[in-house]
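Some notes on the structure that comes next.
Proteins come first, then strands; the chains are lettered A, B, ... in the order of their sequence lines, and each starts at number 1. Computed from heavy atoms alone, side chains included, the values below leave out hydrogens, waters and symmetry copies.
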Amino acid sequence: MAATPASIKSSDGKRVSVTKFPKDGPPPITVKNLTMAYGTFVLMKDINFTVNHGDIFIIMGGSGSGKSTLLRHMLGLIEPANGEVWYGDFNFTRAEPLQREAMLRHFGVLYQSGALWSSMTLAENVGLPLGEFTDLSPLEIREVAALKLALVGLKGFEGYYPSQISGGMQKRAGLARAIALDPEILFFDEPSAGLDPISSRLLDDLILELRDNLGATIVVVTHELASIFAIGNNSIFLDAESRTMIAHGDPKDLLAHCTDHRVQTFLTRGGEDAEKSARNHG
Amino acid sequence: MQALKQSQPSGELSFARSDNSTLVVRLAGDWHLRHGLPEPDLVLKQLDAAPKPARLTFDAAALGDWDSGLLTFLMGVSEICHKRKLPADWSPLPEGVRGLIQLAEAVPEKTGARHEAAHTSFIEELGQATILYARGLDEFLRFLGEVAIAFAMLCVGKARFRKVDLMVVIQDCGASAFGIVTLVTFLVGVILAFMGAVQLQQFGAAIYVADLVGIAMSRDMGAMMTAIIMAGRTGAAFAAQLGSMKVTQEIDALTTMGISPLEFLVLPRVLALFLMIPLLCVYADCLGVAGGAFVGATMLHISIGTYIRETANAITLTDILGGLFKAAVYGIIIAVAGCLRGFQCGNSSSAVGDAATAAVVSGIVYVIVACGMFAFIFNVLGI
């Protein structure tokens, strides 16, 4: 498959060509036979799935099922015990560090806690990747950072430090940083965690807008049913007991058609009226 | 009906047979935790007594107040019934008791969730401790190597970090440490002078206190005391800062952005301590000599001018430069130990405290080991 070359500054200051994800190319994310393990303890095995262009892909499952760990494997923060993660036609798991680093420029990550650098203002947080990986002048970086903060509803908060804003605002600032380099793939780790229902809903709307306007492919780790049905169009369900994924597909389809009681129990909050959930979120 | 009454510290427990195949557990009186709990083994004895019952039921007609004490006892009975596959009729118990027992048994125990107590021999523990220590040393040396590579990158202008971060760390581990370094090193000078004076006065050689303090401070004590202060102050701070950043996933955020945490976070800290500890060491040397001069002037009646002249005659430039070299090495050791412990930090708030403690301990141990090695090497080289 012909790849679209894109050049980007590497850690040694040179420009490196990396593969992007053309719409007519292979799926942007493919996970093949992934096994996650801590030493000899196998956390999850036989994880196989594909994320298509423009998907909002949900990794769901109960607490302790390994959702965030799977995300960390996909980002290369943990090496898999077995299996591979592919981005387009690029084997991320087997890649050299420099190639991986270049591929990471196509990603934006919003961590559960926001993970803002506490010693920097919001503008500096958003501006750091711009300063590191683009040739923009400091003034241009400030302008772009202000734009990104405005996109997430934080116009005027450029000079604030993370400790001076609320948890929901920290999440949005983290999102502004995640989209600083206009990534093609966005990863969200528990975006709704610790947020009130209204802030959570606003963040969901923001994720949908980013998908529609940036054309990004989005992977979300969450167990919030409201978010799952509101934004997800593809998903996998991780089961801690059987230590593997037990369902794959659109969450609404899983709710309507999946016969596995573990999936149904999860998607209906342990048996709450399934139709009510579908009616509210469908 | 055959009945057997057991006197219990909490409530009253008795047993009866409604027929030969049913054991009736009678619960009477008030069952409270504060009065202690009966042993479920009493039920076990009844179940083993002939004729062996085929089912179990309760009589709670005389049961008064109850709390978790009763529930704990009943959970024990329930476990015995499960193990023996003995059918039990819980319906005579109050509704609240039944509801809470159902709640406690709703989620079955996860396979492998219970940790078995492991008994290891002394030899095995010793072996494991040795392996752990060797692994720790290996990690330290590996990390030191990575820092050396990052330093090399810095020398050729390829390492990336924010200059403002370097300045902040320099201020923090330089100027901000003046107070504690002043106090400690002045007192070390005073102590050295006191110890020397007591002996040297006996031979009428009190003036040599100046030589003793001057040489000790410039060759070793200045660098080592500064290093120990900085290990406790700055090394712990580095570990806590990086540990907190790990807990809040700030380090992950750097990594996934393609920014090397080693260059961005470790390099400014190592560089700052590498530059600042030698400067603090010079200051510490001066303060140590000042402490000695204070004792010389007040206890030995040596004039300040004489004391300073004697000190200047005693110490050489080699002594001072040797001390500065050691201080620079100690700075790298403390910074690397602190940053390494920060990176190794677990994902909880208590882990941050553990990382800070480990940074201080390993920093001081490595500094003292290095000090011993320097003493040997300098002796061999005749310095």
Side-chain angles (χ1 to χ4, degrees), chain A residues 8-14 16 18 41 64 68 71-72 74-78 97-120 124-133 162-163 170 174 177-178 180-181 183 185-187 189-190 240-241 270, chain B residues 106-113 115 135 146 149-150 152-169 171-172 237-238 240-265 267-269 343 346-349 352:
Chain A
I8 203 157
K9 243 166 51 173
S10 75
S11 57
D12 58 2
K14 290 177 185 166
V16 223
V18 289
F41 176 75
S68 294
L71 189 75
R72 292 172 67 79
M74 292 172 73
L75 291 168
L77 292 170
I78 306 177
L98 193 63
Q99 291 173 304
R100 263 196 194 198
E101 194 186 295
M103 179 54 77
L104 286 169
R105 305 291 146 65
H106 292 292
F107 302 165
V109 187
L110 173 62
Y111 289 92
Q112 197 168 344
S113 57
L116 295 170
W117 299 303
S118 50
S119 60
M120 299 182 203
E124 286 173 334
N125 263 281
V126 179
L128 181 72
L130 293 165
E132 291 292 321
F133 304 121
S163 59
Q170 286 183 16
R177 188 181 64 186
L181 292 170
I185 302 177
L186 272 166
F187 295 91
D189 188 6
E190 304 274 11
E241 203 61 41
Chain B
V107 179
E109 185 174 317
K110 195 172 177 180
T111 317
H115 288 288
R135 200 173 290 160
E146 287 175 6
I149 292 169
M153 298 279 281
L154 177 71
C155 293
V156 295
K158 287 184 176 175
R160 296 178 305 184
F161 58 82
R162 297 197 322 157
K163 304 295 173 287
V164 66
D165 286 348
L166 175 65
M167 294 305 158
V168 168
V169 184
Q171 185 188 349
D172 188 48
F238 286 176
Q241 286 161 3
L242 298 188
S244 304
M245 290 183 78
K246 192 164 181 220
V247 171
T248 56
Q249 297 181 296
E250 291 173 50
I251 292 176
D252 286 347
L254 281 173
T255 308
T256 49
M257 212 164 266
I259 298 171
S260 163
L262 201 82
E263 289 177 17
F264 201 80
L265 300 173
L267 215 47
R269 286 169 170 79
F343 275 116
N347 286 323
S348 65
S349 50
V352 176

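Looking at A:Leu116, the atoms closer than 4.5 Å to chain B (heavy atoms on both sides) all sit in the backbone: N, CA, C or O. For a residue to count as touching a neighbouring chain, one of its non-hydrogen atoms must lie under 4.5 Å from one of that chain's; by this rule A:Gln170 does not touch chain B. Only the side chain of A:Arg72 has a heavy atom closer than 4.5 Å to any heavy atom of chain B.
Here the straight-line distance linking atom CE of A:Met120 with atom CG of B:Asp165 works out to 5.5 Å at 0.5 Å rounding. The distance from the OG1 atom of B:Thr255 to the CD atom of A:Glu101 is 10.5 Å, given to the nearest 0.5 Å. Rounding to the nearest 0.5 angstrom, the gap separating the CD atom in A:Gln112 from the OG1 atom in B:Thr248 is 12.0 Å. Here CG of B:Asp252 is found 4.5 Å from CG of A:Leu77. Values are rounded to the nearest 0.5 Å.
Interface summary for chain B: among A:Asp189, A:Leu104, A:Val109, A:Leu75, the most heavy-atom pairs under 4.5 angstrom belong to A:Leu104. Contacts with chain B were tallied for A:Trp117, A:Phe187, A:Phe107; A:Trp117 has the most, counting heavy-atom pairs under 4.5 Å. Taking chain B as the reference chain and counting heavy-atom pairs below 4.5 Å, the highest number among A:Ser118, A:Gly76, A:Ser119 is found for A:Ser118. Here A:Pro129 is the residue among A:Pro129, A:Gly174, A:Gly108 with the most heavy-atom pairs under 4.5 Å with chain B.
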Open item on the list: Walk me through whether B:Met257 and A:Glu132 qualify under side-chain contact (heavy atoms from CB on, under 4.5 Å).
Closed with: CA-CA 10 Å; B:Met257 212 164 266; A:Glu132 291 292 321; over 6 Å; no

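For the pair A:Arg105 and B:Gly258, the tightest heavy-atom approach, listed with the atom from each and the gap, is NH2-O, 3.6 Å.
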